[in-house]
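Just below is one structure, and these are the notes that go with it.
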Number of protein chains: 2
Amino acid sequence: MTSKSTMREVAGKAGVSIATVSRVINSPDEVPTETVERVRAAMRYLNYRPNINGRRLKMAQTRSVGVLVPTMANPVFATSVQGIEQAAHEDGLTVLLTSSNYDPQRELGAVSTLLNNRVDGLILTLANADDNPVIDLLKAENIPFVLLFNQPARTDVASISVDNARSAYDMTQAMIAQGHTSLAMVAGRFESSDRSKQRFDGFGQALSDAGLGAARLCQVGFGETELFTPLKSFLTGPDAVTGLVCSTDMLAIAAISACRDHGLSVPGDVSVGGIDGIAVGGLISPKLCSAIQPTQEMGQQALAFLRGLIRGQANPQSLILPHQLSTGESIGPARHSSSPRL
Amino acid sequence: MTSKSTMREVAGKAGVSIATVSRVINSPDEVPTETVERVRAAMRYLNYRPNINGRRLKMAQTRSVGVLVPTMANPVFATSVQGIEQAAHEDGLTVLLTSSNYDPQRELGAVSTLLNNRVDGLILTLANADDNPVIDLLKAENIPFVLLFNQPARTDVASISVDNARSAYDMTQAMIAQGHTSLAMVAGRFESSDRSKQRFDGFGQALSDAGLGAARLCQVGFGETELFTPLKSFLTGPDAVTGLVCSTDMLAIAAISACRDHGLSVPGDVSVGGIDGIAVGGLISPKLCSAIQPTQEMGQQALAFLRGLIRGQANPQSLILPHQLSTGESIGPARHSSSPRL
DNA sequence: TTGAAAGCGATACCAT
DNA sequence: ATGGTATCGCTTTCAA
């Protein structure tokens with residue numbers, strides 16, 4: 001075990017005091033070049049590595065930020081974390097990562113751990129941003145934080161998101177414009193995702209504005225990838241829809257798979273649109289309708305915003321970024337095939 | 001700013017010494033119930049939050065692990081990080097996350113930062129695990145680490161991966177068995193990913209074993225999503241292939257898109273197989289050939305392995321997990337359409 | 001320009 | 001069962 005050397009040893013080797021070593025590290029300009037060199041040489045010789053924890057204990061700031069997302073298994077969150085990490089790297093900040101698995105209990109626990117680590121600030125995607133104890137806690141402790149993807153009702157918290165209701169509205173409208181008259185939304189449980197609820201509202205509004213009757217909803221639990229059964233009544237029989245508006249890419253992917261298993265081609269027999277636009281719109285096929293969120297950029301912006309809050313140079317506010325609507329040529333009205341095909 | 005309260009204040013409030021407060025935190029059983037209660041009450045009253053950095057400074061272990069991946073924008077790595085985070089959470093470990101963007105320079109810098117944080121161990125996915133200064137550094141400092149996805153040549157480092165060459169071999173063989181005689185591999189630059197090279201070797205071996213001549217390669221830089229031009233000579237003209245073996249899912253997705261843009265249907269005119277199996281095999285369509293890696297489980301196992309190394313209860317070794325071959329019914333020989341179609 | 005010394009908030013040894 | 005105290009590695013006045 002190569003026991004780490006300390007400032008004290010470096011100081012000894014270089015024949016200076018630890019104060020000077022500290023200066024060489026933090027403000028080399030205040031030290032004569034010759035001394036700097038001598039100290040640096042000692043550092044190299046001893047393989048010195050500053051112990052950040054010593055510094056953290058002493059200083060007010062830790063130069064670390066906490067990140068909480070529901071899961072990294074969802075490319076949307078993963079990509080945003082990539083954006084955060086990227087920006088943090090440029091700022092020399094350390095990222096402490098946690099995930100909640102959409103569980104409010106774990107959200108609170110994770111944030112608590114992060115606070116014990118004395119992070120300078122937090123970036124969070126909560127299951128539900130309204131009436132959330134995590135936010136109360138953060139407010140009470142007066143810790144800078146910005147919500148990512150959440151669109152909270154209250155205006156005294158910082159957030160970065162797209163307009164969830166609006167993006168669902170726009171996508172639904174686009175699909176209606178393509179000739180769809182029978183649509184349903186596939187969404188996660190509202191308790192696990194306030195985005196789901198907001199998007200469903202936008203979906204309903206678009207239908208209502210088009211005079212298309214009640215909004216149908218297929219609600220599925222987080223983690224469900226098998227939508228064959230849940231979607232059965234939506235894809236077959238007299239009430240079959242011609243298009244599915246999916247709350248997320250992951251759901252869209254699962255829905256596409258379910259459509260195929262029901263013998264429907266996508267697009268063609270059924271159109272599928274996914275909000276997020278990472279996989280469905282961005283990666284897999286630009287031919288399907290999707291409302292694209294600039295996920296990675298949102299992560300970067302979240303960190304930039306957080307930095308402002310930490311410095312006290314910015315105030316909490318909601319930044320709502322424009323989403324980009326992608327309506328590929330494959331979107332079209334229903335053409336159910338009479339016989340299922342593989 | 002709610003200034004955080006310290007052990008000292010809690011001790012004062014509870015009328016005990018800080019030593020007792022520490023005991024209440026770390027070994028409550030050694031303290032009478034009545035005292036424990038009094039101290040806990042004081043903690044609640046003062047909203048006490050242990051400062052982990054104080055503990056880290058004092059203790060040998062920091063109960064934190066560093067993670068380095070090329071990018072979280074690749075679902076394969078993101079999913080593995082999810083597995084790591086999951087397992088870390090269960091162990092009460094904090095995860096420090098960094099990404100290298102496939103840049104060896106940044107790999108070294110990131111690891112250095114992680115070491116300054118005195119992480120107990122590291123989990124890394126390196127661009128190239130052979131002859132990598134990062135590994136030398138870690139070996140020299142005697143820091144526990146496990147490589148994830150990398151299959152290093154040297155046997156004195158811990159690693160968890162699937163057999164890259166073998167999975168490419170198997171997938172290629174499966175496609176050959178479906179009637180393909182003309183295949184090419186799409187892979188990233190070998191400098192950016194040793195997996196690419198290993199997979200290409202497996203691809204070449206399979207072709208050679210089948211007596212199918214030289215292995216053709218379309219090598220693309222990291223981040224390229226537009227494969228229309230790079231794949232042109234592979235998809236059109238006299239040397240057009242009937243199938244593409246892709247080194248990664250992300251490349252497979254880009255390749256599928258390029259095929260479509262060249263007027264080829266996938267699968268049908270061209271088959272595409274992607275190693276990884278997250279998106280192509282798992283999410284998008286189980287109909288395409290893919291060699292599936294249990295990505296999230298690999299992350300969990302990596303952490304478990306790392307824990308063993310940290311405790312000194314395990315020795316570095318290579319764990320090569322079985323990959324799962326998924327050959328959907330859509331795989332088939334070439335049937336080029338004479339006229340491009342949208 | 002440099003150094004001595006006082007903490008930062010914990011842990012843990014050694015007494016009591 | 002509890003407390004006093006040295007210590008972890010660093011930053012930062014205040015003097016010299």
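All chains are named by letter (A, B, ...) in the order of the sequence lines, taking the proteins before the strands, and each is independently numbered beginning at 1.
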Indicate yes or no for a side-chain donor-acceptor contact from B:Thr6 to the backbone of B:Arg8 under 3.5 Å, with no hydrogens or angles considered.
yes
Protein-nucleotide distance ([X], atom [atom1]; [N], atom [atom2]), rounded to Å:
X       : N      : atom1 : atom2 : result
A:Arg8  : C:dA4  : CZ    : P     : 10 Å
A:Ile25 : D:dG9  : CD1   : P     : 13 Å
A:Asn51 : D:dC8  : CG    : C1'   : 8 Å
A:Glu37 : C:dT1  : CD    : P     : 16 Å
A:Asn53 : D:dT11 : CG    : P     : 12 Å
A:Leu57 : C:dG7  : CG    : C1'   : 9 Å

Atom pairs, N/O to N/O, protein against nucleotides 1-4 of chain D, distance under 3.5 Å?
residue, atom, partner, partner atom, Å
D:dT2, OP1, B:Thr35, OG1, 3.0
D:dT2, OP2, B:Thr35, OG1, 3.3
D:dG3, OP2, B:Ser17, N, 2.7
D:dG3, OP2, B:Ser17, OG, 3.2
D:dG3, OP2, B:Thr20, OG1, 2.8
D:dG3, N7, B:Arg23, NH2, 3.2
D:dG3, O6, B:Arg23, NH2, 2.5

Taking atom types as modelled, find out whether [X] and [Y] have a side-chain donor-acceptor pair closer than 3.5 angstrom.
X        : Y        : answer
A:Asn117 : B:Arg56  : yes
A:Asn101 : B:Gln86  : no
A:Thr98  : A:Arg106 : no
A:Ser80  : A:Thr295 : no

Test salt bridge (charged side-chain N to carboxylate O under 4.0 Å, His left out) on B:Arg154 and B:Asp136; report intermediate values, then the result.
CA-CA 12 Å; B:Arg154 56 195 282 186; B:Asp136 298 335; 3.6 Å; yes
At 4.0 Å (heavy atoms only), tell me whether [X] reaches a base, stays on the sugar-phosphate, or touches nothing.
X       : result
B:Met7  : base
A:Ser22 : base
A:Asn26 : sugar-phosphate

In residues 110-120 of chain B, what residues come within less than 4.0 Å of DNA chain C, judged by heavy atoms?
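Of all residues in residues 110-120 of chain B, none places a heavy atom under 4.0 Å from DNA chain C.
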Pairs meeting criterion side-chain hydrogen bond (donor to acceptor under 3.5 Å, both in side chains) with involvement of residues 57-68 of chain B, two or more places apart
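Pairs touching residues 57-68 of chain B that pass the test: B:Thr62-B:Ser64, B:Thr62-B:Asp120.
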SB check A:Arg38 A:Glu34 (cutoff 4.0 Å):
yes
Fit a plane to each ring of A:Tyr102 and A:Phe222, take the angle between them on a 0 to 90° scale, and name the class: parallel (under 30°), tilted (30 to 60°) or perpendicular (over 60°).
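Because their plane-to-plane angle lies in the 30° to 60° range, the rings of A:Tyr102 and A:Phe222 count as tilted.
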What about A:Lys58, does its side chain sit under 3.5 Å from the base of C:dG7 through a donor-acceptor pair?
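It does, because a donor-acceptor pair links the side chain of A:Lys58 to the base of C:dG7 below 3.5 Å.
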